[in-house]
Each structure stands twice: as C-alpha cells, then as structure tokens.
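What follows is one structure encoded as structure tokens, with my remarks underneath.
Order of listing sets the numbers, starting from 1, for every ligand and every atom in it. The residues of the chain are indexed from 1 along the displayed sequence. Remember, it's a predicted structure, so these values are computed and weren't measured experimentally.
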Amino acid sequence: MSTIIYPSPIFGPVHSRRLGISLGINLLPADGKVCSFDCIYCECGFNSERRPTQPMPSRELVAQRLEEKLQQMSAENQLPDVLTFAGNGEPTCHPHFAEIIDDTIRLRNQYCPQAKVSVLSNSTMIHRQQVHDALMRVDNNILKLDTIDPAYINKVDRPTGNYDVQLIIDRMKAFKGHLIIQTMFMRGNIGRRYEGTEAQEYEESADNTGDKYVEPWLDAVRAIKPQQVMVYTIDRETPAHGLQKATHEQLDSIRDRVIALGIPCTASY
Ligand code: SF4
C-alpha cells in the first residue's frame, strides 16, 4: 500500500501549476492519522491502519516551525503563494485550531503578505463557533461535501461520530458565501478492504456521478451559495481497491451544471 503520511507540523513546499508554491501545515501527529471521517479513498490510508503514537503538535511548536520555515524561504527568495492546512487528517480536530489560524495569519502578514491561507476541512467541526469564526478569517475555506445522501456518506466518507448532513448544509450556509465546496466524484465499487489481516469483500457501488447523487447535491450547492466549487477525483492509490476515477467528461459535465447555477467551478482530473 502506498498511502502517504506527511511530516508534521510543516511539510513541503510543494510546487503546483494551479497553486504556485504551497507550504503545508499539518496539525496532526507526524506518525499517523487523526480524522473524524475514515474515507475509503483517503490518501493517508484507513484510520485503523494509521493509528498515531505521537501527540498533535502544540500551538507553540506550529508557530515556531512555521516561522523558521518562512525565514528560510525568505532567505532563499522562495516565499510561498499559499499556506495550506492539510495533512494527516482533519485540521479542525486540533483543540487550538482557532489560535493556530491567528498565529498563521500573523506570520503570513509578517513574512509573505501576498500569500493566501487555505484550509482543507471535512466540515465535521463547523458547528463549533470557534472553528466557524476561524474559518471566516482564512482566505480559502475549502469544505468537503461529497454527496448529501446519508447512506453514501456512511459507506464512503464513514464519519466516526454523529454526522447530520442537513446540519452541515445549514452550517455551510452560515458562512454566507465565504466557502469553497470541494466534492470527490468517483466510480467503481468499494472492493476488497483489509481489516488487520482479514480481507473483506465489498461489492457495493461507490459511484456518485449519476443523477441520483448529483441532482440533490446541486440543490444543496444552490442553497449554500459558495464562492466557488471544486470537483475532483481520486488521484493516488486508495486504501479501498475497487475505486475508479470519474472520467473527464463526467467531471466537465458536473462542473458545467454548477457554472449554470452562476457559481464558479473547477474540475481537477
Ligand atoms: S476527510 Fe480527508 S483526511 Fe479525513 S479520511 Fe477523508 S480524505 Fe482522509
């Protein structure tokens, strides 16, 4: 299995054509994964296979390592275009997420005021007022909404606690447009999955590209009124082995239906 565990608390920078120079901030432990979802497509692997032994980095350590890295990048004249909260799980699970956002904005303003601060989140903590308020302060508040079908969500995103998709939609509306919805589309089936040494067969479909899923999702997008939507598909090896990429045509078609609602949308293949 070639899923990835990222260094913590700082990783990269990664150079990409779309984002430019992106410096990663990983608020999860360096040796495993912590997430309130357990997606069958997660590039970090299944939660059960990636249990960490180390703690999450402290607020102080994140600020210290970020400042050191920005000083180094400044000396090399290679300052980042974006500071991206991502990594081994869900950043908003960190108990000091809001304070870390404030530290990051302060350091961004000091070292690279042109850079954007982006957060990739699975949306499960946006009901917490502190998390909501912190996400209102970042430039790119990128929130996952893979479908609005509870059975699909339980099968594919696999929340580890209570998850009420209608509540998530209501909380997304509360951002009043200050959010980017990110949605994974894929085909195939859940396939063979390993629990320890036990192989279990899951032949259920994981395909969310059909109208059964896309139409209600479009209704939710229309109601949430995000500033942008990003649709994408699997890119790396996934822990569940029966998954397949959505086609370019499928992603383009979904993208065009979002644009027809008057909402900017990008598709990544
Ligand atoms: S929300 Fe992200 S980090 Fe968490 S399991 Fe899903 S893909 Fe992995």
Side-chain angles (χ1 to χ4, degrees), residues 1-9 11-12 14 22 24-52 54 56-57 84-94 97 118-128 131 135 138 140-165 167-169 171-172 179-186 188 190-191 193-195 202 206 208 213 217 229-246 268:
M1 184 176 65
S2 59
T3 50
I4 301 169
I5 289 293
Y6 292 92
S8 170
F11 63 96
V14 175
S22 172
I25 305 173
N26 176 13
L27 301 187
L28 294 316
D31 68 338
K33 180 184 167 196
V34 176
C35 197
S36 46
F37 273 179
D38 191 12
C39 301
I40 62 171
Y41 58 78
C42 182
E43 64 179 27
C44 296
F46 289 126
N47 294 0
S48 60
E49 295 166 349
R50 297 295 200 183
R51 296 218 187 280
Q54 296 176 19
M56 294 182 188
T84 305
F85 284 81
N88 306 335
E90 173 52 33
T92 64
C93 287
H94 194 291
F97 173 75
S118 296
V119 177
L120 290 163
S121 166
N122 66 16
S123 318
T124 52
M125 303 292 164
I126 58 174
H127 59 282
R128 295 185 180 172
V131 170
L135 291 173
V138 304
N140 297 317
N141 171 27
I142 305 171
L143 299 179
K144 184 187 290 294
L145 183 67
D146 282 346
T147 68
I148 64 158
D149 184 284
Y152 186 90
I153 291 165
N154 283 329
K155 191 167 65 174
V156 171
D157 294 329
R158 306 196 311 160
T160 59
N162 286 336
Y163 182 88
D164 178 342
V165 71
L167 196 64
I168 296 290
I169 290 168
R171 295 304 301 165
M172 285 183 164
L179 77 160
I180 297 168
I181 291 178
Q182 187 182 53
T183 301
M184 163 69 77
F185 287 100
M186 60 190 177
I190 294 176
R193 181 153 62 74
Y194 291 87
E195 299 283 2
Y202 290 81
N208 64 341
Y213 296 108
W217 172 84
V229 174
M230 297 171 167
V231 299
Y232 71 126
T233 191
I234 51 180
D235 190 27
R236 297 199 171 97
E237 188 170 339
T238 56
H241 297 305
L243 307 179
Q244 294 170 13
K245 288 169 87 80
S268 301

I'd like to know if the side chain of Arg50 pairs up with that of Thr3 as donor and acceptor (distance under 3.5 Å, no hydrogens or angles considered). yes
Cut-off 3.5 Å, side chains only: do Asn122 and Lys144 have a donor facing an acceptor? no
Sum of protein N, O or S atoms, each under 2.8 Å from atom 4 (Fe) of ligand 1: 1
Write down the atom of Ile181, the atom of Leu145, and the distance for their closest heavy-atom approach. CG2-CB, 4.0 Å
Do Val156 and Met186 make a side-chain contact, defined as non-hydrogen atoms from C-beta onward lying under 4.5 Å apart?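 Yes, at least one pair of side-chain atoms sits under 4.5 Å.
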Measure the shortest side-chain to side-chain distance between Ile40 and Thr238 over non-hydrogen atoms and say whether it is less than 4.5 angstrom. no
What residue and atom, counting heavy atoms only, is the protein's closest point to atom 2 (Fe) of ligand 1, and at what distance?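 Looking at atom 2 (Fe) of ligand 1, the protein heavy atom closest to it is Lys144 CE, 4.3 Å.
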Going from CE on Met56 to SG on Cys93, what distance comes out if it is rounded to the nearest 0.5 angstrom? 6.0 Å
